[in-house]
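The block underneath contains the structure these notes are about, expressed in structure tokens.
All chains are named by letter (A, B, ...) in the order of the sequence lines, taking the proteins before the strands, and each is independently numbered beginning at 1.
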Amino acid sequence: MPFSGKLNKEQNEAVTHPDGPLLILAGAGSGKTRTITHRIGYLLDEKNVSPYSILAVTFTNKAANEMKTRINKLVKSGIKGLWMGTFHSVCLRILKRDIEHLEGFKSNFTIFDDQDQIRLIKDCLKLLDLNERVYEPRAMRGKIDGFKNRGSQLKDIKIETHDEKIRDIYELYEEELRRHNGLDFSDLLSLTVKLFKEHPKVLEFYQDRFQHILVDEYQDTNNLQYQIVKSLAEKNKNIFVVGDDNQSIYSWRGADIQNILSFEGDFSSTKVIKLEKNYRSTKNILNISNELIKNNLERKEKTLYTDNEHGELINYYEAMDEQDEAKYLIRNIDSQKVEKGLKYNDIAIFYRTNNQSKAIEDELILSGIPYTIIGGVGFYQRMEVKDIIAYLRLIQNPDDDLSLKRIINVPLKGIGKVTINNLELIAREHKVSILNAIEIAVNKKTFSPGTTQKLKNFHELITSLIKLSGELNAAELIKQVLEDTSYLDSIEEEEERVNNVSDLVNLAGEFDLEDEEKKLENFLDWIALASDMDKYDENSDKLTLMTLHTAKGLEFPYVFITGLEEGLLPHFRSIGEFKQLEEERRLLYVGITRAMQRLYLSSASQRRYFGKTQGSIPSRFLAELPEDLLNSTSYEATYGRRYSREEIKYTTKIDDIDLNIIDEIPGDSSDGIKKGQGVTHKTFGKGVVLKVEGSGEKAKITVLFKGLGRKTVLASFLE
DNA sequence: ACCGATTGAATTTTT
DNA sequence: TTCAATCGGT
């Protein structure tokens, strides 16, 4: 049995499980990936299951690619026909094939990323004549995604939000998305659910095809993903899920830890296997992770153990500020690298928020250490990359007004805001795309001769590119766009940007080699779901920097976790609410359990946020770690110098008060504005004062507004 | 009407 | 620090 030799008893039991639902609760480092790959190998080679009948869902594209490679090495037969990818990519594939069963949808849709979503929401707010300050686009995006992830119908939303306007925004947003022939990320999932519900024949096709379904990182599935899994597996019940409730860290994206906690109830006669033996970390590392996670109430009982040696103590350093923290990292990296003969890619640095990378980056550059940063403003979000992609998107989907608006004047062509606004009006009036509106306006000579000529040129440019798109592959088409628009000339002074554009051309070239169809559409789909993570090459000798979220699923011999401060980890947006606080703890748990040999923790006593230096105290999570496993030092101990600490202020938890009583809080302004007092703002309405900075008309007042949350406003705007 | 410059505001995590 | 909206000049 080639698939049992290298496995322990539980892993082997999972791999050779007969048909029927199986839940694997796999602790960190317990050989989860190995178990899934061997399971697939077992099905293919031992059970003679056709790869065509297997669907495997992973959390990232990178994980999918890696798993494919591993399985290929493992099995005798090939894996042609096997579906492996993220929920989003799997759904995309299903929708590309079957979306036209749903009325009003076309298969050449464009995928709208979150930036596009925000821009579209802004357009909606303008159309509805709503104030962006009151209905913050980002917040609205969050609400809309929330509705979609829960599968809420418009009529339900009335109950969920007391603000009728939010419902209007959602409704218009959906309408606009349809008009653009676009799908947002949530649509990929929710329309698949809709498709399965409304077209049982389509569902049956996939049910019959996918005899075996495997889902990795099941703890981070959301309601829609759950529904997809459930309906696909309903017929054959061969559903194999792997997850760790202690590593559920995506609730803000709609992930519901209940999916894994109640799996047994969802599928009758579920077999449960726990993988509790850790092969990754030293005893010390594993012990502190166990001690930490014990503090969570919402979890399944599971204690990891290991045969590995105790290893070194866990280091903790309390730095003066973020610079001092970065220097501490480099000191240790340098010395350990020499002492233990490490390579840079043996080492990773984690943090809670992307902006923490800057200080570390600066010091790394100074000391000449090679590094890569994963995430942040990723390659695909770069302005120049998005510009080129907008051209491609418009070529592929001429209804994509959003992309058109992005590039109609890029590089500058003398077509301004007023003209675009008028074009939008024409488009609306005739119920056509802006590209069509341009044609109408040019024919009718609606604009001045100069403008008409510019528009005519633009229209000809796009139509000629559309014609060419039938013959050219993605890379060639990008080159054509660059040539026709002289885009490179417009950014020639910015070397970085030019490089990014040429990287994009190369990327497209690589894609064309892989893609048999060589279609622009496929390239765009791939780009839309691609992330920075996918480009990450763990074999290049570079230090890796990333957030704790992106660290999930990876492992490194040496791990540094920075910024263990109240307000950062746990993040202040999560403090105060029990569930969110537990998720922050899980986040740290994920970070700690990435470490194989050695773990370093650090915090800074003060940190510059933007411009202003703020004081902070060490994270409460540090107090939960057993002291005898920690080796703690501080800036003061290392340098024998003291530094002046900023006064540390604790925020009052007024947020938890019942917002309905805001109306009743007395507004007494006889001697200026005070904390806790009720106020009325000209635009935002009623609220309660949380904080006062300065005095008089120009004082900055932080107010918790009813239904809108915290905002900082000028005293002169309050009544 | 468009463009560039200056000011102003805002920052969790990502498929 | 970056990004976006606004304003005044051409």
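If you check B:dT12, C:dT1, B:dT13 against the side chain of A:His571, the one that comes closest is B:dT12.
Between the CZ atom of A:Arg352 and the C1' atom of B:dT14 there is a distance of 12 Å, given to the nearest Å. Atom CD in A:Glu136 sits about 15 Å away from atom C1' in B:dT12, given to the nearest Å. We find that CG of A:Leu568 is positioned 12 Å from C1' of B:dT13, with the value rounded to whole Å. In this structure, A:Arg608 atom CZ and B:dA10 atom C1' are separated by 18 Å, rounded to whole Å.
The aromatic rings of A:His180 and A:Phe112 stand perpendicular to each other, their planes meeting at an angle above 60°, with 30° marking the opposite boundary. Ring planes of A:Tyr206 and A:Phe196: tilted class, angle from 30 to 60°.
Side-chain nitrogen and oxygen atoms of A:Lys122 include at least one within less than 4.0 Å of the OP1 or OP2 phosphate oxygen of C:dA5. Under 4.0 angstrom from either OP1 or OP2 of B:dT14 there lies at least one side-chain N or O belonging to A:Asn354.
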Distances under 3.5 Å only, N/O to N/O: pair up the protein atoms with those of nucleotides 1-9 of chain B.
unit_1, atom_1, unit_2, atom_2, d
B:dC2, OP1, A:Gly416, N, 2.7
B:dC2, OP1, A:Thr419, OG1, 2.6
B:dC2, OP2, A:Val418, N, 3.4
B:dC3, OP1, A:Gly414, N, 3.2
B:dC3, OP2, A:Asn409, ND2, 3.1

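We find that A:Lys579 and A:Glu584 are not joined by a salt bridge, their nearest charged nitrogen and carboxylate oxygen being 4.0 Å or further apart.
Residue A:Lys62 is out of contact with every strand shown, counting any heavy-atom pair closer than 4.0 Å.
Two residues, A:Asn61 and A:Glu584, neighbour DNA chain B, and the one matched to the more 5' nucleotide by heavy-atom proximity is A:Glu584.
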Derivation and outcome, ring pair (Phe, Tyr, Trp, His ring centres under 6.0 Å), residues A:His571 and A:Trp252: CA-CA 13 Å; A:His571 195 270; A:Trp252 49 274; over 10 Å; no
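Cation-pi geometry between A:Arg382 and A:Phe379 is not met: the NZ or CZ atom fails to fall both under 6.0 Å from the ring centre and inside 45° of the normal. The cationic group of A:Lys552 lies under 6.0 Å from the six-membered ring centre of A:Phe59 and within 45° of the ring axis, placing it in a cation-pi geometry.
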